[in-house]
Every structure is written in C-alpha cells, then in structure tokens.
Student: 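Can you read through this structure? Questions will come right after.
Any value given below was found using the heavy atoms of this structure, including those in side chains, with hydrogens, waters and symmetry copies removed. Everything numeric here is computed off the predicted structure, so don't read it as measured data.
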Amino acid sequence: MLRSLVGSEMCIRDRQYMEPSWILARIMEYVHATKKYVIKDEDETENYTQEWRVPWQNVVHLDAETELIDAGGKVLAIYPDSTTFYQATVVKGPHHVDDDYTLFFDGDQSQVRLVNPNYVFRVRD
C-alpha cells in the first residue's frame, strides 16, 4: 500500500518554520525503517526542488479524501494559484464529486473562492 503512494500528490504538514503549514507535495519514496516519506514540494515558483522527510502522521492522502462537505463545514483547502492549504469555511458544497467548492478562506476579506474538490478536506483536530 505505501509503495503505491509514490508519485501521488499529498497534503503535507510542514513544520520547518515557526508556524506549521500545510503544502502540496509529491511522495518520492517511503522509508520503512524510519516510517517517513521523502516528499518533494510542488511549488514551481521555487528556483530549486526541495525534498525532505516527513512522518506518516503529517501526510494527508488527497485521493482518499472523498467526503462531500456541506455548507458551514470547516476545511483545509488549497488557496487558488498556490501550493499552500489554509483553513476555510464551506459556503456551498459540490453537488457532485467534480463540482468545485465555494469557500471563504479565513482572513480573506469576505471574498469567496472556487476550489477543486481534490484539494479540500475536513479540518482535523
């Protein structure tokens, strides 16, 4: 199962900086001995491709997140035109799996945004 995730897009909890953040990354390898993934940041604006190791607990398999979340639900979602996930509230959930979510991102000055459901999942404790 873990090997089959190699090459998949994931949401990774990045703890490199003072504030942990969630970013879009690709699984490059799973190191069974350490139970960590080698991941590559998917941010194409960087001049270099950064790879690092993260524990499995800091990985959200986006393909497995298929729950449709109703209006009012709290989610983590990729901010449009970025590779960073932020907390948001669902304004309008999709009727079908392929429909976009209408989201209000926390601190986004009351503007709603459309986000592909592949990059939206319920906030975890």
Side-chain angles (χ1 to χ4, degrees):
M1 169 70 177
L2 296 176
R3 287 189 208 278
S4 68
L5 297 179
V6 171
S8 298
E9 281 186 328
M10 305 285 179
C11 181
I12 307 294
R13 187 173 197 167
D14 178 11
R15 295 178 180 257
Q16 294 186 93
Y17 307 105
M18 298 285 274
E19 283 287 321
S21 61
W22 292 88
I23 62 167
L24 183 64
R26 189 166 302 278
I27 299 293
M28 305 307 292
E29 177 184 358
Y30 179 73
V31 181
H32 189 71
T34 61
K35 294 186 167 92
K36 290 187 177 183
Y37 289 96
V38 177
I39 61 103
K40 179 181 89 173
D41 189 341
E42 288 289 276
D43 188 352
E44 295 175 359
T45 62
E46 296 292 327
N47 292 331
Y48 61 94
T49 302
Q50 187 172 0
E51 289 187 7
W52 65 94
R53 295 173 190 250
V54 295
W56 64 268
Q57 300 96 322
N58 292 354
V59 175
V60 174
H61 187 211
L62 294 170
D63 289 343
E65 298 294 325
T66 58
E67 174 189 8
L68 294 180
I69 303 162
D70 293 329
K74 299 294 184 187
V75 297
L76 276 175
I78 199 162
Y79 193 81
D81 299 321
S82 80
T83 58
T84 304
F85 289 74
Y86 294 98
Q87 287 197 10
T89 302
V90 176
V91 174
K92 180 181 172 198
H95 293 290
H96 304 285
V97 176
D98 293 334
D99 294 343
D100 286 342
Y101 277 91
T102 302
L103 302 175
F104 173 71
F105 284 90
D106 294 1
D108 200 14
Q109 306 301 325
S110 72
Q111 184 174 1
V112 296
R113 301 192 184 266
L114 298 177
V115 178
N116 182 308
N118 294 331
Y119 302 104
V120 177
F121 59 94
R122 189 173 298 282
V123 170
R124 291 171 165 77
D125 292 331

Student: Return yes when atom CG of D98 has more than 12 non-hydrogen atoms of other residues, nucleotides or ligands closer than 6.0 Å, and no otherwise.
Tutor: no

Student: If you measure from CZ on F85 to OG on S21, what distance do you get to the nearest 0.5 Å?
Tutor: 11.0 Å

Student: In sequence, state the C-alpha distance, the side-chain angles, and the governing distance for N58 and Y37, and then conclude on side chain to side chain contact (heavy atoms under 4.5 Å, CB included).
Tutor: CA-CA 9 Å; N58 292 354; Y37 289 96; over 6 Å; no

Student: Return the minimal non-hydrogen interatomic distance between T83 and E42, and the atom names on each side.
Tutor: CG2-O, 3.8 Å

Student: Quick one: do L76 and L68 end up in the same hydrophobic cluster if we chain Ile, Leu, Val, Met, Phe, Trp and Tyr together by side-chain heavy atoms under 4.5 Å apart?
Tutor: yes

Student: Is there a path of hydrophobic side-chain contacts, each under 4.5 Å between heavy atoms of I, L, V, M, F, W or Y residues, that connects F105 with V120?
Tutor: yes

Student: Exactly one of D106, V75, I69 should register a side-chain contact (heavy atoms from CB on, under 4.5 Å) with T89. Which one does?
Tutor: D106

Student: Heavy atoms only: give me the nearest M28-V6 pair and the separation to one decimal.
Tutor: O-CG1, 3.4 Å

Student: Looking at CG of L103 and CD of Q87, how far apart are the two atoms once the value is rounded to the nearest 0.5 Å?
Tutor: 12.0 Å

Student: If you round to the nearest 0.5 Å, how far is CH2 of W56 from OH of Y30?
Tutor: 8.5 Å

Student: To the closest 0.5 Å, what do you measure between OH (Y101) and CG (N118)?
Tutor: 10.0 Å

Student: With side chain to side chain contact (heavy atoms under 4.5 Å, CB included) as the test, would you mind laying out the steps for I39 and M10 before giving the verdict?
Tutor: CA-CA 9 Å; I39 61 103; M10 305 285 179; over 6 Å; no

Student: Report yes or no: do Y86 and W22 belong to one cluster of Ile/Leu/Val/Met/Phe/Trp/Tyr joined by side chain heavy-atom distances under 4.5 Å?
Tutor: yes

Student: Cluster question for you: counting only ILVMFWY and a side-chain heavy-atom cut-off of under 4.5 Å, with indirect links fine, are V60 and Y79 together?
Tutor: yes

Student: Show the numbers, then the answer: is there a side chain to side chain contact (heavy atoms under 4.5 Å, CB included) between I78 and V115?
Tutor: CA-CA 7 Å; I78 199 162; V115 178; 4.0 Å; yes

Student: Closest approach of V91 and A71, non-hydrogen atoms and distance?
Tutor: O-CB, 3.4 Å

Student: Using the rule that Ile, Leu, Val, Met, Phe, Trp and Tyr join whenever any side-chain heavy atoms are under 4.5 Å apart, tell me whether L62 and L114 fall into a single cluster.
Tutor: no

Student: Please list, chain by chain and in numerical order, all residues satisfying salt bridge (Lys or Arg N to Asp or Glu O under 4.0 Å) with R122, sequence neighbours excluded.
Tutor: E67

Student: List the residues meeting salt bridge (Lys or Arg N to Asp or Glu O under 4.0 Å) with D108, not counting sequence neighbours, and say none if there are none.
Tutor: R113

Student: Test E9 against L24 for side chain to side chain contact (heavy atoms under 4.5 Å, CB included), laying out the working first.
Tutor: CA-CA 7 Å; E9 281 186 328; L24 183 64; 3.8 Å; yes

Student: Going by the rule salt bridge (Lys or Arg N to Asp or Glu O under 4.0 Å), which residues pair with E29 if we only count those two or more places apart in sequence or in a different chain?
Tutor: none

Student: Atom CD1 in I23, atom SG in C11: separation rounded to 0.5 Å?
Tutor: 8.5 Å

Student: Return the OG1 to CG distance between T84 and D43, rounded to the nearest 0.5 Å.
Tutor: 7.0 Å

Student: Less than 4.5 Å apart, any side-chain heavy atom of D100 and any of P117?
Tutor: yes

